[in-house]
Amino acid sequence: MFSEPVHINGHLVQAFWICNRQVWLLGHSVSAEQSNEFLALGRLIDRNSYARERHQVAFGDNRFDFVQGADGEMVVCEVKKSSRAERSARLQLAHYLYDLRKAGIEARGILMFPTEKKRVEVVLTDELAAELDSIYAGIEELVRKDAPPVAESCKYCRKCAYAEYCWG
Ligand code: SF4
């Protein structure tokens, strides 16, 4: 039984909608293949996009891609390679907004897909917060299992950093 506290961060929330096995591996700090070409592409896009903004802001167990502020309003931005997994990316960003709210900070979020020249605003509604509460419970239950769920092929496997681990 996993006895340590489960530190729920944005990556775990995002993974929850993609693959249960990925949640378990992330939750147990199993290192992803750093040379994975899709991770490298993500880092490159992150480094070259929005270069004038303040990058990589750490907050609790989270790391925001960057934060903008104007007229007393805080905007948390998350940069993604593509909008293919937009729903899970929205939940990841909503989780950041929720953690900020718990610390007394109201903010809104913007998802950015620079290669598609697309932006999506994310506002933390009561419905989203309730959905996140049930996701946290699901993550906790998954990570506390002794062994990872068996690998099940899905459309995300091809670009997953754990692909070698699961299928190699
Ligand atoms: S390779 Fe596929 S099964 Fe393995 S963790 Fe990634 S998404 Fe899940």
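We count ligands from 1, going down the list as the structure has it; atoms in each ligand are counted the same way. It should be emphasised that the depicted structure is a prediction, and the values quoted were computed from it without experimental measurement.
Of the possible polar contacts, none joining the Ser88 side chain to the Ile18 backbone as a donor-acceptor pair under 3.5 Å is found.
Below the 2.8 Å limit, atom 8 (Fe) of ligand 1 has as protein N, O or S neighbours Cys19 SG.
Taking Ile, Leu, Val, Met, Phe, Trp and Tyr as members and joining any whose side-chain heavy atoms lie under 4.5 Å apart, directly or through other members, Val150 forms no hydrophobic cluster with any other residue.
Heavy atoms of Trp167 found under 4.0 angstrom from ligand 1 belong exclusively to the side chain.
Within the listing of ligand 1, atoms 1 (S) sit less than 4.0 angstrom from a heavy atom of Ala163.
A salt bridge links Lys118 to Glu86: at least one charged side-chain nitrogen sits closer than 4.0 Å to a carboxylate oxygen. Residues Lys80 and Glu78 are paired through a salt bridge, judged by an N-O separation under 4.0 Å between the basic side chain and the carboxylate. Taking 4.0 Å as the cut-off between side-chain N and carboxylate O, Arg21 and Glu152 do not count as a salt-bridged pair.
Applying the ring pair (Phe, Tyr, Trp, His ring centres under 6.0 Å) definition to pairs two or more places apart or across chains, those involving residues 78-101 are Phe64-Tyr96, His95-Tyr136.
Here Phe16 pairs with nothing under the ring-ring contact (aromatic ring centres under 6.0 Å, His included) rule; sequence neighbours left out.
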